[in-house]
Amino acid sequence: MRLSQIPIFTLREDPSDAEIPSHKLLVRAGYIQKLASGIYVYGPLMWRVLKKVSTIVREELDREGANEMLMPILQPREIWDESGRWNRYIADGILFHLGDSKQAELCLGPTHEEVITTYVKRICNSYKQLPFNLYQIQDKFRDEIRPRFGLMRGREFIMKDAYSFDADDAGLDRSYDAMNRAYHKIFERCGLEFSAVDADAGAIGGSGSQEFMVIADKGEDAILICDRGNYAANVEKADSRITPSPDGGAAQPLRKESTPDIRTVEQLEGFFKMPAARMAKTVLYEAVFPDHVETVAVMMRGDLEINEVKLVNAVDGLAVRLADEATVKRVTGAEVGFAGPIGLKEEVRVFADLSLQGMTNLLTGCCETDFHCLDVNPGRDFPMPEFRDLRRARSGEGCPRCDGSLIEKRGIEVGHIFKLGTKYSVPMEATFLDQNGKRKPLVMGCYGIGISRTAQSAVEQNYDENGIIWPRPIAPFEVVVAVLDPKKSDQVEVGTRLYEQLRAAGVDACLDDRAMSPGVKFKDLDLLGFPLRVVVGRRASEGIVEFSERRKSEEKSEIAVDTVLARVSS
RNA sequence: CGGGGCGUAGCGCAGCCUGGUAGCGCACCUCGUUCGGGACGAGGGAGUCGGAGGUUCAAAUCCUCUCGCCCCGACCA
């Protein structure tokens, strides 16, 4: 392709509405253009990148025996009622939905579990057809509460979604492992630094899940990685080894002490000269369920933090939020800052983190303004709480699997794999007959990759002050042959011949035959980010051109034109 | 949804407080010079100042409503 034939339009200044480097660069270099919040046009060069990512995805999924297909974007409400997700998605406000001329309700697909399950239930009746895996690459629509960062969190975006169907859990494990393998290869081939981490399955549900995170400082997710490589997890899910709290000794009689205006753990540490690890703080939450809202109390060791995702799972609700002041006062009968397990209204369910299990003689609040209790013992002074893992693991704590310690990094979630089990097949009655003629629900897995997000994450990980540095496997072109002065026939001839030679050898090259001053051309090509550059300039007539890698702009070498192919292929 | 900010030429911005001929830089077009790291000169085109209503002799500017976009938070398969 000749760049003169592509309407390339680059900007000299950063767009005012972009925040992170990859977003600024993709807009500045003209790869994407915003049409509305979270909705982007992919220009010709961006589309080349997206096609390359898609091709890698297809090749690796096909290698594992998955089958590409295509499902409708427009989906009827009925199937979403069958799975029970219509109201949930409407309530969350992320579903684009509409009515047709006959008043039937439809939505633009945010995901395709319902469609695939409906499709498969009609075509699959027997265990003999199992297992199989179906996937598509298609635009998805989610009315994100806050679209952000260009393609990172768009309202329309390109996604690969795959669904596996097995007869039993062992089969699902194999299908899941196959996708796990494929995902590792896909992101390696894309040239990305990534980490596969244990993840919370969230609203999609299911028994196991991993996220594939591209490591980047501006990533939206925090992840914890073992420094010896034995564990990696999203903080939403992560576990860790923590230092045990000092032994509280044999149970002592309960004492109540006046603590005027002492409300926080830090203040209590000073007041009682007692380490936070010997205290239990009590935090009140409102847990949201489909049909009601309930106040729950969470007890956590004083020096540790609550993980709200774990809490949502523990209460089996839709969401949790910190209780407001009025609620705190109502259920504790005290000012904010004095909540405790003693004296709470009876209807409040009390959860306690595992770190408190077996601890004695705790310092806690007791639902009385300006008082705290010492030597509190669970089961004696208040009903035994429900012990659960509710703790947010933190950087510096021990790896749960080895003696290493955890390091916190930030990541961009580019892929997510789930073991769904029968979450959709049971309510939607997607069943098959097993060897004994017995009807069983299909055991499903689902596997997503954000294609457009992956492309942007590559930029977030590969840029410098001059612009983008595409990883070679997904660059819009691997090599640019830049004719410095298209008015000089020797340069045009040498450049064109070289370009054609590279193309003939299967190298994805483009020819920059645009007429612009050398300085402008160099800056423009740096911004666009082609990984390899061959400049055909003043020594063209001698058969000498300049070769350089975008990543190492300083290292330029003058080489004979007939050695370029070898250099590019090495 | 709560808090904050911004809508003026394709892009980035000034002008608004204190009402009175709509500006700057980049980009774009023409001509000339220049041209291996975002050149220079001369000339030129391009804006219903987001929209509606109001106040006023007069509104980009003041008032009301509305739409859009961005940031923080909440939220987020």
Side-chain angles (χ1 to χ4, degrees), chain A residues 7-20 23-24 27-30 33-39 80 83 85 88-89 91-95 109-114 140-150 152-155 157 159 161 163 199-206 209 211 220-221 234 236 286 288 308-309 312 318-322 324 413 415-418 420 423-424 446-450 453 465-467 482-488 491 515-527 533 535-540 544-546 548 553-554 556 558:
Chain A
I8 292 173
F9 186 74
T10 57
L11 299 170
R12 205 170 283 211
E13 289 168 286
D14 281 334
S16 63
D17 56 4
E19 198 70 11
I20 61 172
H23 184 195
K24 290 179 183 172
V27 173
R28 262 193 69 197
Q33 188 185 81
K34 185 171 70 187
L35 184 63
S37 181
I39 304 175
W80 285 78
S83 71
R85 290 208 294 181
R88 170 76 194 272
Y89 269 65
D92 287 348
I94 60 174
L95 197 65
T111 177
H112 279 73
E113 280 82 6
E114 282 77 4
K140 291 282 186 285
F141 297 82
R142 294 181 193 172
D143 193 2
E144 291 286 349
I145 296 170
R146 181 133 98 89
R148 249 195 289 211
F149 303 149
M152 287 297 188
R153 185 169 290 279
R155 296 195 294 171
F157 56 98
M159 177 165 159
D161 47 325
Y163 306 88
D200 181 69
I204 250 196
S209 103
E211 291 167 334
E220 290 192 274
D221 291 278
N234 192 308
E236 292 180 349
E286 303 259 55
V288 182
E308 295 185 0
V309 174
V312 171
L318 298 176
V320 295
R321 54 175 186 247
L322 276 174
D324 60 24
E413 181 192 347
H416 201 157
I417 57 178
F418 297 87
L420 290 177
K423 186 183 164 83
Y424 295 89
C446 83
Y447 316 92
I449 289 179
R453 183 184 278 187
E465 66 280 4
N466 293 316
V483 174
L484 261 201
D485 187 351
K487 289 197 286 292
K488 297 224 165 76
Q491 292 188 18
M516 51 175 67
S517 73
V520 175
K521 180 165 284 196
F522 286 135
K523 289 289 185 192
D524 210 52
L525 290 176
D526 284 350
L527 179 60
R533 187 183 79 183
V535 176
V536 182
R538 58 194 161 210
R539 299 187 69 186
I544 302 291
V545 295
E546 178 194 275
S548 64
S553 303
E554 312 315 311
K556 303 186 185 92
E558 299 220 301

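Residue contacts shown for A:D485 are absent, as no nucleic acid heavy atom lies under 4.0 Å away. When heavy atoms are screened at a 4.0 angstrom cut-off, A:V27 is found touching no nucleic acid atom at all. If you check every strand for non-hydrogen atoms under 4.0 Å, A:K488 touches nothing. Within the nucleic acid shown, A:M152 has no heavy atom closer than 4.0 Å to any nucleic acid atom. At a threshold of 4.0 angstrom between heavy atoms, the contacts of A:R533 include nucleobase atoms, whether or not backbone atoms are also involved. Among the atoms of the strands shown, base atoms are found under 4.0 Å from some heavy atom of A:R146. Among the protein residues, A:E19 comes within range of the sugar-phosphate backbone only, with heavy atoms under 4.0 Å from sugar or phosphate atoms but none that close to a base.
Looking at A:R453, its side chain does come within 3.5 Å of a backbone N or O of A:M152 through a donor-acceptor pair.
Take the nearest nucleotide of RNA chain B for A:R155 and for A:M159: the residue whose nucleotide is more 5' is A:R155. RNA chain B is contacted by both A:D14 and A:D526; A:D14 maps to the nucleotide lying nearer its 5′ end (nearest heavy atom per residue).
Side-chain atoms of A:D161 and A:C446, non-hydrogen and from C-beta on, never get closer than 4.5 Å to each other. At least one side-chain heavy atom of A:F149 sits under 4.5 Å from a side-chain heavy atom of A:E220. You'll find the side chain of A:V27 stays beyond 4.5 Å of the side chain of A:K34, heavy atoms only. You'll find the side chain of A:Y89 stays beyond 4.5 Å of the side chain of A:D143, heavy atoms only. Counting only heavy atoms from C-beta outward, the side chains of A:D526 and A:R533 approach each other to under 4.5 Å.
Nucleotide B:G25 is matched to B:C11 when pairs are restricted to Watson-Crick or G-U wobble geometry with both distances under 3.5 angstrom. Base pairing of B:G37 is not made with any nucleotide, judged by Watson-Crick or G-U wobble geometry with both donor-acceptor distances under 3.5 Å. Nucleotide B:C65 forms a pair with B:G51, judged by Watson-Crick or G-U wobble geometry with both contacts under 3.5 Å. Pair check for B:C1 finds B:G73; Watson-Crick or G-U wobble, both atom distances under 3.5 Å. Here B:U30 sits opposite B:A42 as a Watson-Crick or G-U wobble pair (both hydrogen-bonding atom distances under 3.5 Å).
Separating the CE atom of A:M516 from the P atom of B:G36 is a distance of 15 Å, rounded to the nearest angstrom. Atom C1' of nucleotide B:C35 and atom CZ of A:R538 are separated by 12 Å, given to the nearest angstrom. Rounded to whole Å, the distance from CZ on A:F9 to C1' on B:G12 is 12 Å. Rounded to whole Å, atom C1' of B:C26 lies 14 Å from atom CG of A:D524. Across the protein-nucleic acid pair, A:K521 atom NZ and B:G36 atom P stand 12 Å apart, rounded to whole Å. The separation between A:L35 atom CG and B:C70 atom P is 12 Å, rounded to whole Å. Spacing between atom CZ of A:R321 and atom C1' of B:G2 amounts to 13 Å, rounded to whole angstrom units. Put simply, CD on A:E220 is 10 Å from P on B:C72, counting in whole angstrom units.
Between B:U64 and B:C69, the two P atoms lie 23 Å apart (nearest whole Å). Rounded to whole Å, the separation between the C1' atoms of B:U30 and B:G45 comes to 11 Å. If you take atom C1' in B:G25 and the same atom in B:G20, they sit 27 Å apart, rounded to whole Å. Comparing the same atom, C1', in B:U8 and in B:A60 gives a spacing of 7 Å after rounding to whole Å. Nucleotides B:U48 and B:C75 place their P atoms 43 Å apart, quoted to the nearest Å. Taking atom P on both nucleotides, B:C71 is separated from B:C65 by 26 Å, rounded to a whole Å. Taking atom C1' on both B:A46 and B:C26, the two are 14 Å apart, rounded to the nearest angstrom. Comparing the C1' positions of B:G7 and B:C40 gives an interatomic distance of 35 Å, to the nearest angstrom.
Distance from the side chain of A:S16 is smallest to B:C13 among B:C13, B:C71, B:C69. Distances from the side chain of A:I145 to the nucleotides B:C70, B:C35, B:A74 place B:A74 closest. Of the listed nucleotides (B:G12, B:C76, B:G38), B:C76 has the atom at the smallest distance from the side chain of A:E144. Closest to the A:E546 side chain, of the nucleotides B:G38, B:G36, B:C35, is B:G36. Among the nucleotides B:C72, B:G36, B:C35, the one closest to any side-chain atom of A:R148 is B:C72. When distances run from any side-chain atom of A:K523 to the nucleotides B:G38, B:C13, B:G36, the shortest one goes to B:G38. Ranking B:G36, B:G37, B:C35 by closeness to the A:L484 side chain, first place goes to B:G36.
The two atoms that bring A:K523 and A:N466 nearest to each other are NZ-OD1, 3.9 Å, heavy atoms only.
Side-chain nitrogen and oxygen atoms of A:K34 include at least one within less than 4.0 Å of the OP1 or OP2 phosphate oxygen of B:C70. The side chain of A:S37 places an N or O atom within less than 4.0 Å of a non-bridging phosphate oxygen (OP1 or OP2) of B:C70.
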Would A:K423 and A:E113 satisfy salt bridge (charged side-chain N to carboxylate O under 4.0 Å, His left out), going step by step from the backbone distance to the final call? CA-CA 10 Å; A:K423 186 183 164 83; A:E113 280 82 6; over 6 Å; no

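In the interface, the side chain of A:R28 is not paired with the base of B:G10 through any donor and acceptor atom under 3.5 Å apart.
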